[in-house]
Every structure is written in structure tokens, then in C-alpha cells.
Amino acid sequence: MLSAVARASPLRPAATSTRDVCHAGATNGLWPHDDYRLSCGLSEIRYFGAGGDLLDVLREVDKGAKAAGLMPVTTSAIEDVERYYAANGKTDDGLLLPLPGLSYLVPGHGWTVQVGWSQDNIPLNDQPVPDLTWPTVFVEAHPVDFYTLRSGLLERREFLVTISSGTTYYEVPWPS
């Protein structure tokens with residue numbers, strides 16, 4: 001799905017990070033416990049460079065997502081992004097608005113694809129790799145070298161766009 005979103009847009013692949021993490025659920029007779037005894041999830045973030053007008057690039061990404069059959073999340077649509085940039089990121093009172101995002105539901109799978117981007121050439125940060133300490137019982141991660149990524153994008157006068165998704169692929173509930 002991530003490739004389909006980027007395919008019809010002016011994005012240039014720059015890097016990819018992945019995280020595969022399993023957590024043991026906590027239980028306690030006095031307090032509520034996690035719904036799972038063991039839960040494993042895999043996430044992927046693809047980083048792209050893009051030049052030109054950011055809003056035009058995001059419109060193309062939105063078209064690619066919709067063409068791939070993804071459904072925009074109503075609270076995170078291209079129209080919100082357009083309103084944000086039309087207002088220069090500020091309210092009528094001059095207060096800063098939160099940077100909107102783009103998010104899409106993947107029909108039939110129960111997960112989402114998120115699109116993020118840097119503002120003023122400040123790249124977004126990758127998620128830190130968790131330590132392999134309880135309750136984390138498995139970690140396999142391939143993070144991105146942001147110093148190298150940032151240097152390359154700034155040299156080419158590009159901004160950073162991320163397309164990411166994650167899913168829980170294995171879960172063991174507590175016995176009833």
C-alpha cells in the first residue's frame with residue numbers, strides 16, 4: 001500500500017525504516033491489565049524527498065492514495081491541509097495552528113496509512129528503537145540515519161515527506 005500511495009506523485013525515495021516489536025502484556029489482580037498476553041507489531045516508514053510547492057506535492061500524494069483505494073480519515077483530509085496553508089498556519093488571532101496530517105483507512109484491513117512532511121526543511125524524527133527490557137521481549141529495527149538524510153535533502157533544497165503504516169500481526173489474549 002505504501003508504494004501505491006507514492007507511485008503517482010513527485011516523490012523521490014530517500015530511505016526506509018522498519019520496526020518489529022513484541023510486548024508482553026501486564027496483569028494485576030487489583031488493576032486493569034492489558035488486553036493481550038503477547039502482542040507483536042510491524043511498522044514501516046518510507047522517507048521521500050520532494051521539491052517545488054509542498055501543497056501541490058501533497059495533493060498528488062492524496063490523489064495517489066485515493067487511486068489506490070484508500071479512504072481519507074475525515075479528521076485528516078487534504079482539505080484540512082489546504083485550509084492550514086491558506087491561513088499561513090495561523091488563526092485569525094495570529095496563534096499557531098497545529099500542523100495537520102493526512103491519514104487513510106485501508107479498507108478490509110483495519111489499519112491506516114499516514115502521510116507526514118517536514119516544515120521549513122526540518123525533517124520529522126523517526127521513532128526511537130525500544131530497549132530489549134521487560135515488557136519488550138523482541139525488537140528488530142532498521143532505523144534511518146537522519147544526519148545523512150537531512151544533509152542530502154537540504155543540499156538538494158528538498159523537503160521530507162513520510163508515508164507510514166503499522167499493523168499488529170500477532171496477538172495472544174489472556175486465558176478466560
Side-chain angles (χ1 to χ4, degrees), residues 1-21 39 41-129 141-169:
M1 264 313 143
L2 301 185
S3 295
V5 174
R7 188 174 304 129
S9 69
L11 299 176
R12 287 178 287 290
T16 300
S17 68
T18 58
R19 289 173 26 126
D20 188 352
V21 180
S39 181
L42 179 64
S43 63
E44 178 179 0
I45 303 173
R46 294 190 187 178
Y47 300 87
F48 300 89
D53 182 80
L54 176 61
L55 194 50
D56 287 342
V57 169
L58 295 176
R59 285 181 183 124
E60 289 299 316
V61 170
D62 182 63
K63 285 180 192 174
K66 291 173 182 172
L70 304 182
M71 305 294 297
V73 174
T74 56
T75 58
S76 182
I78 191 66
E79 293 79 14
D80 298 324
V81 176
E82 291 170 337
R83 280 191 291 274
Y84 173 87
Y85 283 106
N88 292 318
K90 296 182 180 179
T91 65
D92 292 338
D93 300 354
L95 299 173
L96 292 177
L97 291 168
L99 185 65
L102 291 174
S103 189
Y104 304 90
L105 298 172
V106 181
H109 292 284
W111 44 278
T112 61
V113 171
Q114 295 84 29
V115 177
W117 56 93
S118 61
Q119 191 169 7
D120 300 326
N121 285 325
I122 301 169
L124 303 169
N125 291 323
D126 193 18
Q127 298 175 350
V129 176
H142 302 279
V144 167
D145 177 355
F146 274 102
Y147 176 77
T148 303
L149 181 61
R150 182 181 296 120
S151 298
L153 291 173
L154 291 176
E155 279 180 21
R156 294 188 305 269
R157 296 182 177 205
E158 293 182 314
F159 47 85
L160 179 69
V161 174
T162 63
I163 300 176
S164 61
S165 189
T167 186
T168 300
Y169 65 86

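- Minimum heavy-atom separation, Leu102 to Val81: CD2-CG2, 3.8 Å.
- Closest approach of Phe159 and Leu54 over heavy atoms only: CE1-CD1, 3.0 Å.
- Minimum interatomic distance between Val113 and Trp111 (heavy atoms only, all atoms of both residues): CG2-CZ3, 4.0 Å.
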Open item on the list: Between Tyr104 and Val115, does the side-chain contact (heavy atoms from CB on, under 4.5 Å) criterion hold? Intermediate values first, please.
Closed with: CA-CA 9 Å; Tyr104 304 90; Val115 177; 4.0 Å; yes
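- For the pair Ala14 and Gly49, the tightest heavy-atom approach, listed with the atom from each and the gap, is CB-N, 4.3 Å.
- One finds the CG atom of Leu97 at 11.5 Å from the OH atom of Tyr85 (value rounded to the nearest 0.5 Å).
- Proximity of a side-chain donor or acceptor of Asp93 to a complementary backbone N or O of Leu95 within less than 3.5 Å is not detected.
- Rounding to the nearest 0.5 Å places CG of Leu58 at 12.5 Å from NZ of Lys63.
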Task: Chi angles and distances behind the side-chain contact (heavy atoms from CB on, under 4.5 Å) call for Leu105, Val73 - done: CA-CA 6 Å; Leu105 298 172; Val73 174; 3.9 Å; yes
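- Under the 4.5 Å side-chain criterion, counting only non-hydrogen atoms from C-beta, Ile163 is in contact with Phe48.
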- [ ] Please lay out, stage by stage, how Ser164 and Gln114 fare under the test side-chain contact (heavy atoms from CB on, under 4.5 Å).
- [x] CA-CA 5 Å; Ser164 61; Gln114 295 84 29; 3.6 Å; yes
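- With hydrogens and angles disregarded, a donor-acceptor distance shorter than 3.5 Å links the side chain of Ser165 to the backbone of Thr112.
- The structure places CG of Leu11 at 11.5 Å from CZ of Arg46, a figure rounded to the nearest 0.5 Å.
- Of the possible donor and acceptor atoms, one in the side chain of Ser118 sits under 3.5 Å from a partner among the backbone N and O of Leu160.
- Between Val57 and Gly51 the shortest heavy-atom distance is CG2-O, 3.8 Å.
- Salt-bridge formation is not detected for the pair Asp62/Arg59: no Lys NZ or Arg NE/NH1/NH2 atom is positioned less than 4.0 Å from an Asp or Glu carboxylate oxygen.
- Shown here for Val144 and Tyr47, the closest heavy-atom pair between the two residues is CG2-CE1, 3.4 Å.
- Atoms OG1 and CD, on Thr18 and Glu44 in that order, are 7.0 Å from each other to the nearest 0.5 Å.
- Atom CG of Leu42 is separated from atom CZ of Arg19 by 10.5 Å, given to the nearest 0.5 angstrom.
- Rounding to the nearest 0.5 Å places CG of Leu149 at 10.0 Å from OG of Ser17.
- Remark: side-chain polar atoms of Asp53 are paired, donor with acceptor, to backbone N or O of Leu55 under 3.5 angstrom.
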